[in-house]
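Here the structure is a predicted model, which is why all the values come from computation and not from measurement.
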Amino acid sequence: MEQYDFKKIGLELRRLRTEHACTQEQIADELGCTVAFISNVENNRAKLNLRVLTYYAKLFHVSVDSILNAGQDNAGYQNASAVRDTEALDILHQFSPEEQEKIIKVLRYLKEVNNPG
């Protein structure tokens, strides 16, 4: 039986949700559950159930398999990049909008310095 990395699967669910500018509140409303439950599923503090899994797949037009495979080691570089992107966004969202703007300016400056022209 395959072992799934539910932490990575949760990160994939969060990545899909944030990529499509969907909030945990919207998903919780549609599923008739609490925001805390959705947060817990995305952070591997609650068990992912079939209803939530199929809802995300249908909502974001991806296969259940692609979500489950996000947790597999052989999912490749693209998944590692998506997990990193999600983590970076999570950290950025912990700052105020004003602080976020400053951080983005610093990142643009660093990009420009490291990749002139």
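Looking at residues two or more places apart in sequence or on another chain, you find no salt bridge (charged side-chain N to carboxylate O under 4.0 Å, His left out) involving Asp29. Checked against salt bridge (charged side-chain N to carboxylate O under 4.0 Å, His left out), Glu19 has the following partners two or more places apart in sequence or in another chain: Arg15. Checked against side chain to side chain contact (heavy atoms under 4.5 Å, CB included), Lys7 has the following partners two or more places apart in sequence or in another chain: Asp5, Asn44. Residues satisfying the side chain to side chain contact (heavy atoms under 4.5 Å, CB included) criterion with Glu87, sequence neighbours excluded, are Ile91. Applying the side chain to side chain donor-acceptor pair (under 3.5 Å) test to Glu30 and every residue at least two apart in sequence or in another chain returns nothing. By the side chain to side chain donor-acceptor pair (under 3.5 Å) test, Asn49 pairs with no residue at all, sequence neighbours left out. Residues that satisfy the side chain to side chain contact (heavy atoms under 4.5 Å, CB included) test with Ala28, not counting sequence neighbours, are Cys33, Val35, Ile38. Glu98 meets the side chain to side chain donor-acceptor pair (under 3.5 Å) test with Ser96; sequence neighbours excluded.
Atom NZ of Lys8 is separated from atom CG of Leu13 by 14.5 Å, given to the nearest 0.5 angstrom. Considering CG of Leu48 and OH of Tyr4, their distance stands at 11.0 Å, rounded to 0.5 Å. Distance check, rounded to the nearest 0.5 Å: CD of Gln94 to CD of Glu99 gives 11.0 Å. Note that NE2 of His93 and OG1 of Thr18 are 7.5 Å apart. Values are rounded to the nearest 0.5 Å. The distance from the CG atom of Asn43 to the CZ atom of Phe6 is 15.0 Å, given to the nearest 0.5 Å. Going from atom CD1 of Ile103 over to atom NZ of Lys105 covers 12.5 Å, rounded to the nearest 0.5 Å.
The minimum heavy-atom distance linking Ala57 with Ser63 is given by the pair CB-C, 4.2 Å.
Annotation: salt bridge (Lys or Arg N to Asp or Glu O under 4.0 Å) contacts involving residues 37-49, sequence neighbours excluded, comprise Arg14-Glu42, Arg17-Glu42. Applying the ring-ring contact (aromatic ring centres under 6.0 Å, His included) definition to pairs two or more places apart or across chains, none involves residues 31-52. Legend: ring-ring contact (aromatic ring centres under 6.0 Å, His included) pairs involving residues 51-70, not counting sequence neighbours, sorted by first then second residue: His20-Phe60, Tyr56-Phe60.
Counting only distance, with no hydrogens or angles, the side chain of Glu12 and the backbone of Leu68 share no donor-acceptor pair below 3.5 Å.
The hydrophobic cluster containing Leu16 does not contain Leu89, counting ILVMFWY residues as joined when their side-chain heavy atoms lie under 4.5 angstrom apart, directly or transitively.
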